[in-house]
Amino acid sequence: MGKNNSKTPQAIRGTQDIFGAEAESFAFVVETFERVRKLYRFRRAEFPVFEKTEVFARSIGETTDIVSKEMYSFEDRGGESLTLRPEFTAGIARAYLTNGWQQHAPVKLATHGPLFRYERPQKGRYRQFHQIDAEIIGAAEPQADVELLAMADQVIRELGIEGVTLHLNTLGDGDSREAWRAALVEHFRSVKDELSEESQERLEKNPLRILDSKDRRDQRFVADAPKIDDFLTDEARGFFDAVTSGLDAAGVKWVRAESLVRGLDYYRHTAFEFIPDEGSAAADALGSQSTILGGGRYDGLIESLGGPATPAVGWAAGIERLAMLVDQEKTQWNDDWTVAVIPVGDAAEQEAQNVVAALRSQSISCEYAFKGNMKKRMQKASAAGARYALILGEDEIADGIVTVRDMVSGEQAPMSRKGVPQGVFDLLFENDTAKHLGDELSPLAERLASS
RNA sequence: GCGAUCGUAGCUCAGUUGGUUAGAGCGCCGGUUUGUGGUACCGGAGGUCGGGGGUUCGAGACCCCUCGAUCGCCCCA
């Protein structure tokens, strides 16, 4: 709140400025995803954040709420309707078609970035949010599903997230799905008056969604609703069996979730979500937005964009939600390997720049305390978590040394200026090994004298 | 789109049934320490109480509108 008359503009509702520990967790999620995706040989790709509205409208179909009320759409200066991407999949499918990536099929793609949905913000839900995303396009084989899920599982495990389980279901092929849907409608229609108001609506618009209603009135009838298993064709059953046995072989734990569905018509076969276990810390942290990673097989999507029938499977996960579950200790800067350089007096500034450059070129992370008097600079070094401060003033320059201060013990001792990058590395390395071995360290002066 | 709760210093919050110059902790700046942090002590800056309107002799407190936040519903690609 400044003193000037003009008001500072506010951030757009549902957007967030991420800084500090949360930003480090966010980066940790992305870095982990990038590392794991290379292990599985998924290729990195980048896509536009906006597309013609029809890219999303056609793939999503006539699910009116989504298209009319949940998308960020606008007209550009030429009068064309554009939409900020609300998901990755449709844009990737468009790119697959317009770039002729059939030539690479099956193609394994990984991407991450911002997405936009015009929704009311709540816990774990923003209007601009971020996802990591993996897709395999042009593969009808169940082992593609297994590989994709194994990767998801490994990402979550390498993030150190505990108490999350893969919930798995099949929606069958097109015929299975239609027969099941018809049976569900019949089942729920017979008890329509006893369903919640929302589910009476859903009965017409999106009957599969009744299965994951949060309303108790509905849940009574969900338990004895028709099961997809009774409607699976032999082929669909064989596909699901191949996926589940593949997951078992890959060591991915899963549970069957018969009520897990996808609202959109293009989904076939595998549908899955990684969900925190009841009562886990993860469940508490996420509120009512419980799914941290979700996806499925969308064999019908690419056709809806005017392409050839193309099998595909993919998942996406919200980076913010994952970041909420990451142990922040894992993402903290490694202070044990950080030093600070403190010039004293104007004459030392240039020499100090030379020292920090030498340290950083040896991959030693280094804070250059450039502001204020020496006291302020020492405070900065301390706040930066530096293990050592390298003090450089007229005296040191005259003697061809730097003064090394141990920020934990307070000891100080000289180190030759020429020996700085290697000498500092040696100190840090000794600390690290001593820490692991539980050894005592000699006084700083001795350590520097003997080197 | 609907509902609930909330909005006071940079941050976290306290402010009795409306009553005089709006407080605390942390943080920030300065000093005790002209080249030495993390501890301690002392001092200081910083708020038109989200914004607008109304009720009242008097509003940070009450009413209306608006913006925003949080949590939930709808939706969840």
Side-chain angles (χ1 to χ4, degrees), chain A residues 1-3 5 7-16 20 55-61 63-71 83 85-93 115-126 129 131 133 196-199 201-202 205-206 208-209 212-215 261-267 271 273 286-291 294-296 298 301 304 314-316 318 335 340 342-345 347-348 367 369 372-386 388-397 403-412:
Chain A
M1 283 158 230
K3 288 178 179 169
N5 297 325
K7 279 189 190 166
T8 303
Q10 288 180 311
I12 303 299
R13 160 175 261 184
T15 64
Q16 36 177 355
V55 170
F56 306 110
R58 283 175 60 180
S59 66
I60 287 166
T63 311
T64 49
D65 264 10
I66 292 180
V67 174
S68 65
K69 151 180 152 183
E70 311 284 356
M71 298 202 309
T83 295
R85 63 183 179 195
E87 57 155 347
F88 280 112
T89 309
I92 293 174
L115 303 169
F116 305 84
R117 295 181 186 177
Y118 197 88
E119 297 186 292
R120 194 69 176 267
Q122 53 181 290
K123 191 172 191 128
R125 260 187 130 163
Y126 302 94
F129 59 104
Q131 287 186 339
D133 180 280
S196 67
E197 296 75 22
E198 286 84 13
S199 284
E201 284 277 313
R202 286 190 269 241
K205 292 197 298 195
N206 203 348
L208 301 200
R209 279 285 167 205
D212 53 17
S213 168
K214 290 171 183 167
D215 197 304
V261 296
R262 291 279 100 106
L264 304 186
D265 289 339
Y266 57 66
Y267 280 102
E273 295 179 358
L286 289 173
S288 65
Q289 307 304 317
S290 54
T291 298
Y298 51 94
L301 170 60
S304 72
W315 58 251
D335 295 339
I342 300 179
V344 182
E367 182 85 34
N373 58 25
M374 182 166 186
K375 180 172 178 161
K376 294 301 301 175
R377 294 176 194 221
M378 286 298 290
Q379 283 174 350
K380 180 72 178 172
S382 192
Y388 294 101
L390 305 187
I391 299 162
L392 194 56
E394 285 179 33
D395 298 347
E396 283 83 0
I397 290 173
T403 296
V404 178
R405 179 180 179 85
D406 185 318
M407 295 299 281
V408 175
S409 69
E411 296 167 278
Q412 290 193 180

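What you see is a predicted model; the values in this text were computed from it and never measured. In what follows, chains are A, B, ... by sequence order, proteins preceding strands, each numbered from 1.
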Engineer: When you compare B:C67 with B:U21, how far apart are their C1' atoms, in angstrom units rounded to a whole number?
Structural biologist: 31 Å
Engineer: Any side-chain N or O of A:Arg13 less than 4.0 Å from the OP1 or OP2 oxygen of B:C67?
Structural biologist: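 No, outside the criterion.
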Engineer: Does A:Lys214 have a side-chain nitrogen or oxygen under 4.0 Å from the phosphate oxygens OP1 or OP2 of B:C73?
Structural biologist: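 Checking B:C73 against A:Lys214, a side-chain N or O does come within under 4.0 Å of OP1 or OP2.
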Engineer: In whole Å, measure the gap between the P atoms of B:G50 and B:C11 for me.
Structural biologist: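 Approximately 13 Å lies between the P atom of B:G50 and that of B:C11.
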Engineer: How far does the P atom of B:U55 sit from the matching atom of B:A59, given to the nearest Å?
Structural biologist: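 11 Å, rounded to whole Å.
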Engineer: Take the protein atom CD of A:Gln122 and the nucleotide atom C1' of B:A69, then report the distance between them rounded to whole Å.
Structural biologist: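 It is 13 Å, rounded to the nearest whole Å.
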Engineer: When the C1' atoms of B:C42 and B:U33 are considered, how many whole Å apart are they?
Structural biologist: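 Result for the C1' pair: 14 Å, nearest Å.
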Engineer: Any heavy-atom pair between the side chains of A:Met374 and A:Ile391 that's under 4.5 Å?
Structural biologist: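 Yes, side chains in contact.
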Engineer: Over how many whole Å does the gap from A:Arg202 atom CZ to B:C73 atom P extend?
Structural biologist: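 About 11 Å, once rounded to whole Å.
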Engineer: Looking only at atom C1', what distance separates B:U56 and B:C64, rounded to whole Å?
Structural biologist: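 Approximately 16 Å lies between the C1' atom of B:U56 and that of B:C64.
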Engineer: If you measure from OG on A:Ser59 to CG on A:Asp265, what distance do you get to the nearest 0.5 Å?
Structural biologist: 11.5 Å
Engineer: Could you work out the separation of B:G58 and B:G53 based on their P atoms and round it to a whole Å?
Structural biologist: 15 Å
Engineer: Does RNA chain B take part in any stems of at least 3 consecutive Watson-Crick or G-U pairs (both distances under 3.5 Å), and if so, which ones?
Structural biologist: B:1-7 with B:67-73, B:10-13 with B:23-26, B:28-32 with B:40-44, B:50-54 with B:62-66
Engineer: Report yes or no: does A:Glu201 contribute a side-chain atom to a donor-acceptor pair with the main-chain N or O of A:Glu198 at less than 3.5 Å?
Structural biologist: no
Engineer: Check for a donor-acceptor pair, side chain of A:Arg120 on one end and backbone N or O of A:Gly14 on the other, with a separation under 3.5 Å.
Structural biologist: no
Engineer: How long is the line joining CD of A:Glu197 and P of B:C2, in whole Å?
Structural biologist: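 One finds 18 Å between P of B:C2 and CD of A:Glu197, rounded.
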Engineer: Are any non-hydrogen side-chain atoms of A:Ser213 and A:Arg202 less than 4.5 angstrom apart?
Structural biologist: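 The answer is yes, as the side chains (C-beta and beyond) meet within the 4.5 Å cut-off.
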Engineer: Does A:Arg125 make a side-chain donor-acceptor contact with the base of B:C75, cut-off 3.5 Å?
Structural biologist: yes
Engineer: Contact class for A:Gly124 (heavy atom, under 4.0 Å): base, sugar-phosphate, or nothing?
Structural biologist: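 No contact.
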Engineer: When you check the side-chain N and O atoms of A:Thr403 and A:Gln412, is any donor under 3.5 Å from an acceptor?
Structural biologist: no
Engineer: In whole Å, I'd like the distance from the CG atom of A:Asp215 to the C1' atom of B:G72.
Structural biologist: 14 Å
Engineer: With rounding to the nearest 0.5 angstrom, report the CD to OG1 distance, A:Glu70 to A:Thr83.
Structural biologist: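 Between A:Glu70 CD and A:Thr83 OG1, I get 13.0 Å after rounding to 0.5 Å.
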Engineer: Examine distances only and state if a side-chain atom of A:Arg377 and a backbone atom of A:Pro343 form a donor-acceptor pair shorter than 3.5 Å.
Structural biologist: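 At least one qualifying donor-acceptor pair exists.
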Engineer: Is there side-chain contact between A:Asp406 and A:Tyr388, with at least one heavy-atom pair below 4.5 Å?
Structural biologist: yes
Engineer: Could you work out the separation of B:A9 and B:C28 based on their C1' atoms and round it to a whole Å?
Structural biologist: 11 Å
Engineer: Rounding to an integer number of angstrom, what distance separates B:G7 and B:C41 when you compare their C1' atoms?
Structural biologist: 36 Å
Engineer: So, taking the atom named NZ in A:Lys214 and the one named OG in A:Ser196, what distance separates them when rounded to the nearest 0.5 Å?
Structural biologist: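 These two atoms lie 12.5 Å from each other.
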Engineer: Just how far is it from atom CD of A:Glu87 to atom CG of A:Leu115, taken to the nearest 0.5 Å?
Structural biologist: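 So the CD of A:Glu87 and the CG of A:Leu115 are separated by 8.5 Å.
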Engineer: Which part of the nucleic acid, if any, lies within reach of A:Tyr298 when heavy atoms closer than 4.0 Å are counted: base, sugar-phosphate only, or nothing?
Structural biologist: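 Counting heavy atoms under 4.0 Å across all strands, no contact is made by A:Tyr298.
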Engineer: Do any N or O atoms of the protein come closer than 3.5 Å to N or O atoms of nucleotides 3-7 of chain B, and which pairs are they?
Structural biologist:
none

Engineer: Using whole Å, what does the distance between atom P of nucleotide B:C73 and atom CD of A:Glu119 come to?
Structural biologist: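 About 13 Å, once rounded to whole Å.
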Engineer: For A:Tyr266, answer base if it contacts any base atom (sugar-phosphate contacts may also be present), sugar-phosphate if it contacts only those atoms, and nothing otherwise; contact means non-hydrogen atoms under 4.0 Å.
Structural biologist: sugar-phosphate
Engineer: I'd like to check A:Met378 versus A:Met407 (side-chain heavy atoms, cut-off strictly below 4.5 Å). Are they in contact?
Structural biologist: yes
Engineer: Could you pick out which residue, A:Phe56 or A:Gln10, lies toward the 5' side of RNA chain B when each is mapped onto its nearest nucleotide?
Structural biologist: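 Nearer the 5' end of the strand: A:Gln10.
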Engineer: Tell me the interatomic distance from A:Leu208, atom CG, to B:C76, atom C1', rounded to whole angstroms.
Structural biologist: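 For the pair A:Leu208 CG and B:C76 C1', the rounded distance is 14 Å.
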Engineer: Mind listing the closest non-hydrogen atom pair of A:Phe88 and A:Gln131 along with its distance?
Structural biologist: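 Closest approach of A:Phe88 to A:Gln131, heavy atoms only: CE1-O, 3.6 Å.
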Engineer: Provide, to the nearest angstrom, the distance between the OH atom belonging to A:Tyr118 and the C1' atom belonging to B:C76.
Structural biologist: 17 Å
Engineer: What does nucleotides 31-43 of chain B look like as a protein-contact string, B for base, S for sugar-phosphate only, - for none, at under 4.0 angstrom between heavy atoms?
Structural biologist: -B--BBBB-----
Engineer: Whole-Å distance between B:C76 P and A:Phe129 CZ?
Structural biologist: 14 Å
